[in-house]
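Here the structure comes first, spelled out in structure tokens, and everything after it is commentary.
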Amino acid sequence: YFYANMDDEVGTYTAHFGNEAISDGSSSMNVTDEGTDFTLEGVIYVTAAAAGRTWFLNPVYQAADGSVYAINGSGTSSSGDTSEGAAFWQTISAEYTVTQDGKTTTDSITAKIGIILMYVPERLRFIQFGSDGAVLTLEEYAPGTLPETIRPEADAAYLVVETYKTAFDGKTTVSRTLYERGAEYIDAYSAREDGICVKQATALDWGK
């Protein structure tokens, strides 16, 4: 999860990058005469089995010769029987000061990452309702298999996505999210073998 100075056919600019393990990511960049402040935030959702591990946030740097290296970071951990939603946050930051032609500027970057427990998603139910509350359609999906786009029924007033999950004690829990007509997308999660839960966004095409 990082910022990089880019120079390509588009031009020269700064952009941030991260892989699918980072959910709910956001970034900001504040440029002043004294320097530039960069901020990154994101969440890594992990299953109960993975929660018992120790997670380290290791700062990564790039030297003037282009080489990339990491240094030891601090870690956080919890027991494997923690309830869903338990969160552990870490913040790391660094500054880089340059003096050129008598002018000194300081660039800083702050990264705030949350490790949040999520029960293992097992199956999803996508339910469409009419304005009278009647069920129009009900479809089931395995986590990670939602299509890129779903077109709701013409007379659908709202949608409910049910996620069936397995808690640390083996019991099944259900979480429900309601999407009103006009919502642009729905979110669902699937668990990887390494215990990280990845968000999948599916666009909703309501037609005209």
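Put simply, OH on Tyr1 and CG on Leu57 are 12.0 Å apart, with the number rounded to the nearest 0.5 Å. One finds the CG atom of Asp205 at 11.5 Å from the CD atom of Glu184 (value rounded to the nearest 0.5 Å). Between Thr54 atom OG1 and Ile115 atom CD1 the span is 11.0 Å, to the nearest 0.5 Å. Thr177 OG1 to Leu159 CG: the interatomic distance, rounded to the nearest 0.5 Å, is 11.5 Å. Here CG of Leu117 is found 7.5 Å from OG1 of Thr47. Values are rounded to the nearest 0.5 Å. Expressed to the nearest 0.5 Å, how far CD1 of Ile109 lies from OG1 of Thr39 amounts to 8.0 Å.
Here salt bridge (charged side-chain N to carboxylate O under 4.0 Å, His left out) pairs that include residues 105-125, with residues two or more places apart or in two chains, are Arg123-Glu140, Arg125-Glu162. Legend: side chain to side chain donor-acceptor pair (under 3.5 Å) pairs involving residues 188-197, not counting sequence neighbours, sorted by first then second residue: Glu20-Arg192, Arg192-Asp194. For residues 120-165, the pairs satisfying ring pair (Phe, Tyr, Trp, His ring centres under 6.0 Å) are Phe129-Tyr158, with sequence neighbours left out. For the salt bridge (charged side-chain N to carboxylate O under 4.0 Å, His left out) condition, no pair includes a residue of residues 1-16, sequence neighbours left out.
A donor-acceptor distance shorter than 3.5 angstrom exists from the side chain of Arg181 to the backbone of Ala156, with no hydrogens or angles considered. At distances below 3.5 Å, at least one donor-acceptor pair connects side-chain atoms of Trp206 with backbone N or O atoms of Ala183. Here the side chain of Asn58 pairs a donor or acceptor atom with the backbone of Gly73 at under 3.5 angstrom.
A side-chain donor-acceptor contact under 3.5 Å links Ser108 and Asp37.
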**OP:** Show your working on side-chain contact (heavy atoms from CB on, under 4.5 Å) between Val160 and Tyr179 and close with a plain yes or no.
**Re:** CA-CA 6 Å; Val160 172; Tyr179 298 88; over 6 Å; no
Original post:
Can you check side-chain contact (heavy atoms from CB on, under 4.5 Å) on Lys165 and Val120, steps first, answer last?
Top reply: CA-CA 5 Å; Lys165 306 174 184 178; Val120 178; 5.9 Å; no
Original post:
Should Asn5 and Thr12 be marked as a side-chain contact (heavy atoms from CB on, under 4.5 Å) after you check the CA-CA gap, both sets of side-chain angles, and the distance that decides it?
Top reply: CA-CA 7 Å; Asn5 294 324; Thr12 301; over 6 Å; no
Subject >> Test side-chain contact (heavy atoms from CB on, under 4.5 Å) applied to Ile44 and Ile116, step by step >> reply: CA-CA 6 Å; Ile44 301 174; Ile116 298 181; over 6 Å; no
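Contacts of Asp33 classified as side chain to side chain donor-acceptor pair (under 3.5 Å), with partners at least two apart in sequence or in another chain: none. Applying the side chain to side chain donor-acceptor pair (under 3.5 Å) rule to Thr202 yields no partners; only residues at least two apart in sequence or on another chain are considered. Under the side-chain contact (heavy atoms from CB on, under 4.5 Å) criterion, Thr137 pairs with Gln128, Glu153, sequence neighbours left out.
For Asp132, the CG atom counts as densely surrounded, since its 6.0 Å shell holds more than 12 non-hydrogen atoms of other residues, nucleotides or ligands.
Counting all heavy atoms, side chain and backbone alike, Pro59 lies closest to Asn72 at CD-O, 4.1 Å. Listed here is the closest heavy atom pair of Asp187 and Ala201: OD1-CB, 3.8 Å. Across all non-hydrogen atoms, the minimal contact from Thr145 to Gln200 is N-OE1, 3.7 Å. Scanning all heavy atoms of the two residues, the minimum distance from Gly42 to Ile22 falls at CA-CG2, 4.0 Å.
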Give every donor-acceptor pair under 3.5 Å between a side-chain atom in residues 23-31 and any protein atom, sequence neighbours left out.
unit_1: Asp24; atom_1: OD1; unit_2: Lys199; atom_2: NZ; d: 2.4
unit_1: Asp24; atom_1: OD2; unit_2: Tyr45; atom_2: OH; d: 2.7
unit_1: Ser27; atom_1: OG; unit_2: His16; atom_2: ND1; d: 3.1

Tell me which donor-acceptor pairs under 3.5 Å the side chains of residues 95-105 have, and how far apart each pair is, sequence neighbours excluded?
unit_1: Thr97; atom_1: OG1; unit_2: Thr106; atom_2: OG1; d: 3.1
unit_1: Thr99; atom_1: OG1; unit_2: Thr104; atom_2: OG1; d: 2.8

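Here Phe56 sits alone; no ILVMFWY side chain lies under 4.5 Å from its own, so it joins no hydrophobic cluster. Clustering of Ile, Leu, Val, Met, Phe, Trp and Tyr side chains at separations under 4.5 Å places Tyr69 together with Tyr61, Ile71. Chaining together hydrophobic side chains whose heavy atoms lie under 4.5 Å apart places Met6 alongside Phe2, Val10, Tyr13, Phe17.
Looking at Val43 and Ile113, their side chains never come closer than 4.5 Å, going by heavy atoms from C-beta outward. Contact check for Thr163 versus Val174: no side-chain heavy atoms found under the 4.5 Å cut-off.
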